[in-house]
Amino acid sequence: MIISRLLACLLFVTSFMNLQAQEADSLKTQVYTYKIFREIGSTSWIHTQEAFNEAEEMNADVMLLHMNTYGGQVVFADSIRTKILNSKIPVHVFIDNNAASAGALISIACDSIYMRPGANIGAATVVNQSGEKMPDKYQSYMRSTIRATAEAHGKDTIISGQDTTYQWRRDPHIAEAMVDESIYIESVIDTGKILTFTTLEAIEHNFCEGQADNIDDVLSQLKIYDYEITTFKPSFYDGLKGFLTSPILQGILILVIMGGIYFELQTPGVGFPLMAAAIAAVLYFSPLYIDGLAANWEIIIFIIGLVLIGLEVFVIPGFGMAGVSGIILVVGGLTLSLLDNDLFNFDGVGFSKLLEAMGIVLSGLFGSLIAIIYLSKKLLSSSTFGAKIALQTEESVELGYIGVEASLGDLVGNEAIAFTSLRPSGKIMIDDEQYDAVAETGYIEKDTKVRVTRFTHGQLYVMAQK
């Protein structure tokens with residue numbers, strides 16, 4: 001009996017202590033940290049979305065970005081800064097050395113900024129991959145974006161005696177000077193220079209709340225002492241998805257899709273170009289479909305577009321409605337798959353997003369056109385690999401190779417009737433005899449009068465008579 005009571009008391013004490021520990025843990029501030037230690041790009045954007053989703057699921061009290069980046073692509077930086085501005089969880093940033101260009105834009109979006117001694121923030125001019133400054137229309141957009149980001153933090157009310165003034169918490173004009181070298185701000189920046197702040201300069205001009213050595217120091221300055229930290233750990237799939245949704249790779253995949261389809265149409269039965277196009281299409285649409293961007297109907301219109309182009313090439317002579325419609329549907333399917341739209345409802349899809357999607361698709365199509373022209377001329381030339389796998393010897397009738405009747409050469413100059421449509425090959429009728437023939441140019445409709453122009457490589461060639 002005594003032992004039973006002792007066990008019951010022990011169980012009660014253990015349960016009570018566990019309950020107390022759980023309550024103590026629940027009272028701790030839940031801090032979620034996320035590192036941005038790489039160039040801002042598609043992978044960074046994928047990781048950011050995952051990090052914010054995890055922070056919201058665990059009901060984090062504070063989110064802290066740990067940043068060290070020289071910048072990256074503006075479009076993804078804009079997406080990240082919008083995510084921060086719309087976050088219900090307070091977002092702070094600890095700049096561990098560098099927050100340049102796109103990193104500066106993201107940092108300014110945060111509720112507070114803390115910097116390590118010797119760190120920098122600024123230099124947000126838009127440049128291309130070679131480091132050259134982009135035209136003013138790109139700078140104008142970036143100036144507006146960084147200015148709006150600074151304005152989003154509002155103004156502080158300052159009361160001095162009988163006077164009340166309102167001061168920007170983050171001065172938009174100073175933020176704009178990080179993009180535009182023509183801006184002059186007394187005691188801050190001269191014209192002809194892009195603004196970059198050191199830690200102490202950023203503190204002086206209200207672009208940094210304090211200097212910190214590490215994350216614990218940042219949390220201390222935020223008056224968070226009893227906390228539990230959860231750190232974002234990206235999965236392999238997140239990295240793969242980020243890689244596959246890179247605009248550069250998407251452009252390459254479009255190039256492979258269109259180029260593969262073209263070469264398969266030119267050499268039906270080979271299989272490899274079509275296989276390459278199919279794999280590229282799967283890699284293009286799969287991550288977009290999983291993310292909910294590419295809907296079933298968008299993939300279907302892409303496929304319908306391909307079918308219409310095939311019909312135009314093999315069934316319908318000329319280049320008419322089917323071909324044009326097919327091209328429009330293919331471009332539309334590829335473009336719409338990159339946008340977060342619902343059927344034809346584009347609410348929430350900004351004009352810049354639409355232009356970006358169209359730019360990716362059109363650049364891929366233009367690249368495929370250039371590749372098709374180049375490869376069509378070079379693939380089977382004597383100086384390429386194609387020459388090693390293709391027969392280069394010409395087995396002409398003149399050399400004694402007879403695979404067809406040599407007497408067909410006597411038909412050159414004769415008039416004939418197109419027995420079938422020539423697209424460009426078909427059949428012609430001469431003196432009630434049918435012969436295979438190829439149109440010299442374009443397509444020739446059935447029953448059109450033609451003239452045999454030449455006999456080459458065992459093939460009759462004809463031209464429509466006017």
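Checking side-chain atoms of S421 against main-chain N and O of G426 turns up no donor-acceptor pair under 3.5 Å. Proximity of a side-chain donor or acceptor of Q139 to a complementary backbone N or O of M134 within less than 3.5 Å is detected. Although no hydrogens or angles enter the test, the distance criterion places a donor-acceptor pair under 3.5 Å between the side chain of N53 and the main chain of Q49. A distance-only check finds no donor-acceptor pair linking the side chain of R147 to the backbone of A175 [under 3.5 Å]. The backbone N or O of I113 sits less than 3.5 Å from a side-chain atom of E209, completing a donor-acceptor pair. With hydrogens and angles disregarded, no donor-acceptor distance shorter than 3.5 Å links the side chain of N68 to the backbone of F37. Side chain of S140 to main chain of D136: no donor-acceptor pair is present (N/O by atom type, distance under 3.5 Å, no hydrogens or angles).
Between C110 and L65, the shortest heavy-atom distance links the atoms SG-CD1, 3.9 Å. For the pair V91 and S87, the tightest heavy-atom approach, listed with the atom from each and the gap, is CG2-OG, 3.8 Å. Between I301 and G332, the shortest heavy-atom distance links the atoms CD1-C, 4.2 Å. Between A102 and G72, the closest heavy-atom pair is CB-N, 3.8 Å. Shown here for L422 and A439, the closest heavy-atom pair between the two residues is CD2-N, 3.8 Å. Contact record, I185 with A177: CD1-CB, 4.1 Å, taken as the closest heavy-atom pair.
The stretch residues 148-158 participates, sequence neighbours left out, in these side-chain hydrogen bond (donor to acceptor under 3.5 Å, both in side chains) pairs: R81-T149. The ring pair (Phe, Tyr, Trp, His ring centres under 6.0 Å) pairs that include a residue from residues 78-128 are H66-F94, where partners are two or more places apart or lie in different chains. Applying the salt bridge (charged side-chain N to carboxylate O under 4.0 Å, His left out) test to pairs two or more places apart or on separate chains, none has a residue in residues 246-260.
Atom SG in C208 sits 8.0 Å away from atom CD1 in I121 (nearest 0.5 Å). Once rounded to the nearest 0.5 Å, the distance linking CG of L219 with OG1 of T29 reads 9.0 Å. If you take CD1 on I108 and CG on L85, they are separated by 10.5 Å, rounding to the nearest 0.5 Å. Summarising the geometry, atom CD1 belonging to I80 is positioned 5.5 Å from atom OG belonging to S44; distances are rounded to the nearest 0.5 Å. A distance of 13.0 Å separates CH2 in W168 from NE2 in H173, rounded to the nearest 0.5 Å. Remark: T69 OG1 to I95 CD1 distance equals 11.0 Å, nearest 0.5 Å.
Here D180 pairs with R143 under the salt bridge (Lys or Arg N to Asp or Glu O under 4.0 Å) rule; sequence neighbours left out. Taking the ring-ring contact (aromatic ring centres under 6.0 Å, His included) definition, one finds that F52 meets it with nothing, sequence neighbours left out. Annotation: side-chain hydrogen bond (donor to acceptor under 3.5 Å, both in side chains) contacts of E181 (sequence neighbours excluded): K133. Residues passing the salt bridge (Lys or Arg N to Asp or Glu O under 4.0 Å) test with R38: none are found, sequence neighbours excluded. Applying the side-chain hydrogen bond (donor to acceptor under 3.5 Å, both in side chains) test to T48 and every residue at least two apart in sequence or in another chain returns Y34. With sequence neighbours excluded, no residue satisfies ring-ring contact (aromatic ring centres under 6.0 Å, His included) with Y32. Shown here are the salt bridge (Lys or Arg N to Asp or Glu O under 4.0 Å) partners of E440, two or more places apart in sequence or in another chain: R454. Residues meeting the salt bridge (Lys or Arg N to Asp or Glu O under 4.0 Å) test with D111, sequence neighbours left out: none.
With a 4.5 Å cut-off on side-chain heavy atoms, F207 and R170 count as touching. Inter-residue side-chain proximity for M142 and T125 is flagged as unmet; no heavy-atom pair is nearer than 4.5 Å. Residues T145 and V74 have side chains not in contact (no heavy-atom distance under 4.5 Å, counting atoms from C-beta outward). Side-chain contact between T230 and E54 is absent, with no heavy atoms from C-beta onward closer than 4.5 Å.
Within a 6.0 Å radius of OH in Y225, other residues, nucleotides and ligands contribute more than 12 heavy atoms.
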List the atom pairs, with distances to 0.1 Å, where a side-chain N or O of residues 194-204 and a protein N or O form a donor-acceptor pair under 3.5 Å, not counting sequence neighbours.
unit_1: T196; atom_1: OG1; unit_2: A123; atom_2: N; d: 3.4
unit_1: T198; atom_1: OG1; unit_2: E201; atom_2: N; d: 3.3
unit_1: T198; atom_1: OG1; unit_2: E201; atom_2: OE1; d: 3.4
unit_1: T199; atom_1: OG1; unit_2: R116; atom_2: O; d: 2.7
unit_1: T199; atom_1: OG1; unit_2: A119; atom_2: N; d: 3.3
unit_1: E201; atom_1: OE1; unit_2: T198; atom_2: N; d: 3.0

### Query
For F285 and E298, what are the C-alpha separation, side-chain angles and deciding distance, and is it a side chain to side chain contact (heavy atoms under 4.5 Å, CB included)?
CA-CA 10 Å; F285 284 107; E298 292 168 338; 5.9 Å; no
### Task
Apply side chain to side chain contact (heavy atoms under 4.5 Å, CB included) to the pair Y227 and D216, showing each step before the final yes or no.
CA-CA 10 Å; Y227 53 84; D216 291 332; 2.7 Å; yes
### Message
Evaluate N214 against D217 for side chain to side chain contact (heavy atoms under 4.5 Å, CB included), listing each step before the verdict.
### Response
CA-CA 5 Å; N214 49 51; D217 195 4; 3.3 Å; yes
### Message
Go through it in stages, so that I can follow the logic: the residues are Q221 and K223, the test is side chain to side chain contact (heavy atoms under 4.5 Å, CB included), and I'd like the CA-CA distance, side-chain angles, deciding distance and then a yes or no.
### Response
CA-CA 5 Å; Q221 294 189 49; K223 297 183 173 22; over 6 Å; no
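Side-chain atoms of Y70 and N97 include no donor-acceptor pair closer than 3.5 Å.
Considering I106, N98, D96 in turn, I106 is the only one that fulfils the side chain to side chain contact (heavy atoms under 4.5 Å, CB included) rule with M67.
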